[in-house]
Amino acid sequence: MIPLAVPNLTDKERKYLNHCIDTTFISSVGEYVNELEVISAQKTGAKYGVATSSGTTGLHSALMVNGVKQNELVIMPTFTFIATANAVAHCGAVPWLMDIDKSNWCINIEQVKDELSKKTIFVEGKVIHRASGKRIAAILPVYTLGEVPDMDGLREIADKYNLPLIADAAAAVGAEYKGKKIGGLADVTVLSFNGNKTITAGGGGMVLGDDEELMKRIKHITTTARITAEYDHDMVGYNYRMTNIQAAIGCAQMERMEELVDKKRKIREYYNEELQGMKNFSLFPKGKLTNSACWLSGIVIKEGGIEKIRELCVKLREKGIEGRSFWKPVHLQQPYYNALRADYLDVSENLWNRILTLPCSTNITDDELEKVICVVKSIINE
Ligand SMILES: *Cc1c(COP(=O)(O)O)cnc(C)c1O
């Protein structure tokens, strides 16, 4: 079976892991955790990094430290992995769901502008959603598949409404916007090192940012808020630490970032070249201002919906190829039926059930890629 997206591991990962065992540093303290924070910041152009137990807990911490509280609203796209919304809900806050732009599958910035100007008012310096009375607490864009929305445009909106910009860059390591690395585009940027991402640590996350004070507070709340060695704690903290074992793999992977991201881009390029101009499906979008990290690759079928995608996955599986559907929008998920919605979410609704992701592990061979192309062409045109 040619898998969808599996880790690409070498002797480097093995060596660093062995070092953990040899030194007994396998838990939440160790040199690899510190090293991963430094190298992740360096490679993404941020000043500081704080390692966390997952991308989700990294997002939760970033939101909390930026002042997101119970019953407040966080602006985010509906087309994302549910973890983005969960991080908001873990603060007791409510997602305010926006549609996406066709051109990059990222949050529709014109809509954000429009919704904010139509539906909110300033009350004593706070931005209040008129109908619900809830305060807007943050804007949380997602760097979908390693694409980046127009962050200059979002920054303008964030400044106008005095809102923090927190980026869910879970799968976007290596991406660029207008020639800039992603670590400094938002106030805080969060990566995931889950097993299906381009760079993995088995599991884990990384919060990136330039504000030293803020980043120290993120470190503090993610490590049980301890203030002395004598078990003094100054608030209800969290155990959101990454272990040295995870960080060991993460360091080895991050040192290979260029190689791994380059391969992701080559896979996308190959699929796009071989599958362009087909009548029954189109390709993943490519932003004009960005150099996408191309986390996943695949196709978008013209019609047939989720049943058709399911059927195609079965046919692929019969030929030894793993294909999958992609994110079901947040507003169609049971726990978020009551989230606040923008006036229209049409692009997300019309897109999600037509996406078929195809094998794109960074260790996929040329022969395997060729086989995928051959099979996809045959089953879609039959
Ligand atoms: C993977 C992913 C997450 C969650 O990261 P975890 O490390 O699995 O918690 C969040 N948002 C997006 C867009 C993701 O792709």
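We count ligands from 1, going down the list as the structure has it; atoms in each ligand are counted the same way. Everything numeric here is computed off the predicted structure, so don't read it as measured data. Just so you know, residue 1 is the first one in the sequence shown, and it goes up from there. Just the heavy atoms: all of them, side chains too, but no hydrogens, waters or symmetry mates, feed the values below.
Two rings, from F79 and W327, have their centers less than 6.0 Å apart. Here the two rings, on Y240 and H60, have centers that are under 6.0 Å apart.
Considering OG1 of T84 and CG of D168, their distance stands at 4.0 Å, rounded to 0.5 Å.
Each of I107, I75, V88, V188 was compared with L140 under the side-chain contact (heavy atoms from CB on, under 4.5 Å) criterion, and only V88 meets it.
Electrostatic pairing of R354 and E303 does not count as a salt bridge here, judged by no charged N lying under 4.0 Å from a carboxylate O.
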List of N/O pairs, ligand 1 versus protein, all under 3.5 Å?
residue, atom, partner, partner atom, Å
ligand 1, 5 (O), S192, OG, 3.3
ligand 1, 7 (O), G55, N, 2.8
ligand 1, 7 (O), S192, OG, 2.7
ligand 1, 9 (O), G55, N, 3.3
ligand 1, 9 (O), T56, N, 2.9
ligand 1, 9 (O), T56, OG1, 2.5
ligand 1, 11 (N), D168, OD1, 3.3
ligand 1, 11 (N), D168, OD2, 2.7
ligand 1, 15 (O), K197, NZ, 3.2

### Task
Applying side chain to side chain donor-acceptor pair (under 3.5 Å), run through H220 and D234 and close with a yes or a no.
CA-CA 10 Å; H220 187 61; D234 64 353; 2.7 Å; yes
